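Keep in mind that what you see is a predicted model, and the values were worked out from it rather than measured.
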Amino acid sequence: LITFATVSGDKLGGDLYSFVVLRNILSSGWHSRISQRLRVKEGLIYSWGAGQERFLDTGAFTLSIPTAKEKTGKVLAILSEELRKVKNEPVSKDELDLAKGYIEGVNLRSHETSGDYLDWWAKEELLWPEQSETVEEFISKIKKVSSEDIQILANKYLTKENWQLALVGDVKRKDINIEL
């Protein structure tokens, strides 16, 4: 299991919406870069996941990729390449629109019942009462994220100095190479 994480000292505040879009571009659904590159094209992984969390004093963005020990080096090399691309090349309009549409659909679908809305509001009011927002407000802010916002965010957080890598399994240090 490979877990890559970067941490923010500002609760992901203004960066939250860009992180949501970046997470989607990298790892949400079959259209994501990790899915297309590591699963479909290379056949190196079966599952993958990503998340971003905002806490009271910090935030985190994580990528988790289970793979076989002998594939770890190649998976890390490709992951490094994809993270560098996000930093160095603007996300295309089509990819950005696909990510935003996916986020909108998932959020609207996951708030179909009164219980769903109650769960949303309870978390919002409990953890961030000064920043509470409706699902519609959240989606509106997601729609404003630009390709430039993604590139700025990636260059701010996806740096050699700002990442942690955890590997579970019998992997040798010599097999680990991440170049951000």
Side-chain angles (χ1 to χ4, degrees), residues 2-40 48-65 76-111 120-121 123-125 127-165 178-180:
I2 299 167
T3 299
F4 172 90
T6 186
V7 178
S8 161
D10 66 357
K11 302 183 279 189
L12 300 183
D15 294 327
L16 172 67
Y17 308 101
S18 295
F19 265 119
V20 171
V21 176
L22 176 61
R23 181 195 72 190
N24 188 276
I25 288 168
L26 288 173
S27 186
S28 292
W30 285 102
H31 67 276
S32 71
R33 291 182 180 195
I34 288 175
S35 166
Q36 287 298 306
R37 186 77 190 277
L38 291 172
R39 164 80 186 204
V40 175
W48 63 95
Q52 83 282 326
E53 295 292 334
R54 59 181 177 155
F55 305 107
L56 296 176
D57 61 346
T58 190
F61 175 72
T62 60
L63 296 169
S64 296
I65 307 168
L76 286 173
I78 292 170
L79 177 60
S80 295
E81 182 183 326
E82 290 303 322
L83 294 175
R84 283 192 311 273
K85 280 183 189 176
V86 147
K87 290 171 61 173
N88 299 321
E89 301 170 15
V91 174
S92 73
K93 181 181 178 342
D94 288 344
E95 187 175 25
L96 190 62
D97 289 346
L98 182 63
K100 290 178 188 181
Y102 184 86
I103 294 164
E104 180 177 10
V106 165
N107 275 277
L108 291 176
R109 188 190 73 229
S110 67
H111 291 89
W120 173 275
W121 278 109
K123 187 175 180 183
E124 288 288 306
E125 287 294 320
L127 297 177
W128 309 281
E130 71 283 352
Q131 299 172 338
S132 293
E133 61 189 1
T134 66
V135 176
E136 291 78 10
E137 289 168 331
F138 174 79
I139 291 169
S140 173
K141 291 175 183 173
I142 291 294
K143 288 181 177 182
K144 293 178 184 174
V145 173
S146 69
S147 180
E148 181 182 23
D149 294 332
I150 298 297
Q151 207 167 6
I152 289 169
L153 178 87
N155 280 289
K156 181 177 178 181
Y157 293 108
L158 302 181
T159 65
K160 191 179 260 188
E161 300 77 30
N162 199 35
W163 65 270
Q164 300 296 316
L165 178 67
I178 293 228
E179 294 181 31
L180 298 174

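Lys143 places no side-chain N or O within donor-acceptor distance of the main-chain N or O of Glu104, the cut-off being under 3.5 Å. Within the 3.5 Å criterion, the main-chain N or O of Ala154 finds no donor-acceptor partner in the side chain of Lys87. Proximity of a side-chain donor or acceptor of Ser27 to a complementary backbone N or O of Arg23 within less than 3.5 Å is not detected. Not a single donor-acceptor pair under 3.5 Å links the side chain of Asn24 to the backbone N or O of Val21.
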Any chance you could lay out the salt bridge (Lys or Arg N to Asp or Glu O under 4.0 Å) test for Glu82 and Lys85, step after step, and finish with the verdict?
CA-CA 5 Å; Glu82 290 303 322; Lys85 280 183 189 176; 3.4 Å; yes

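Put simply, CG on Leu108 and CD1 on Ile103 are 11.5 Å apart, with the number rounded to the nearest 0.5 Å. Rounding to the nearest 0.5 Å places CG of Leu79 at 8.5 Å from CG of Leu165. In this structure, CG on Leu76 lies 10.0 Å from CG on Leu83, to the nearest 0.5 angstrom. With rounding to the nearest 0.5 Å, the separation of CD1 in Ile34 from CD1 in Ile25 is 12.0 Å. The structure places OG of Ser32 at 12.5 Å from CZ of Arg37, a figure rounded to the nearest 0.5 Å. To the nearest 0.5 angstrom, Leu22 atom CG is 8.0 Å from Leu63 atom CG.
Taking every heavy atom of both residues into account, Ser18 and Asp149 meet most closely at OG-CB, 3.6 Å. Across all non-hydrogen atoms, the minimal contact from Val86 to Arg33 is CG2-NH1, 3.3 Å.
Taking 4.5 Å as the limit, some side-chain heavy atom of Asn107 sits within range of a side-chain heavy atom of Phe138. By the 4.5 Å heavy-atom criterion applied to side chains, Phe19 and Leu153 are counted as neighbours. Residues Trp48 and Arg39 meet the side-chain proximity criterion, which asks for heavy atoms closer than 4.5 Å. Residues Val91 and Ser147 have side chains in contact (heavy-atom distance under 4.5 Å, counting atoms from C-beta outward).
With a 6.0 Å radius and a threshold of 12 heavy atoms from other residues, nucleotides or ligands, Glu148 has its CD atom at or below the threshold.
For Tyr157 and Asp15, the side-chain atoms include at least one donor-acceptor pair closer than 3.5 Å.
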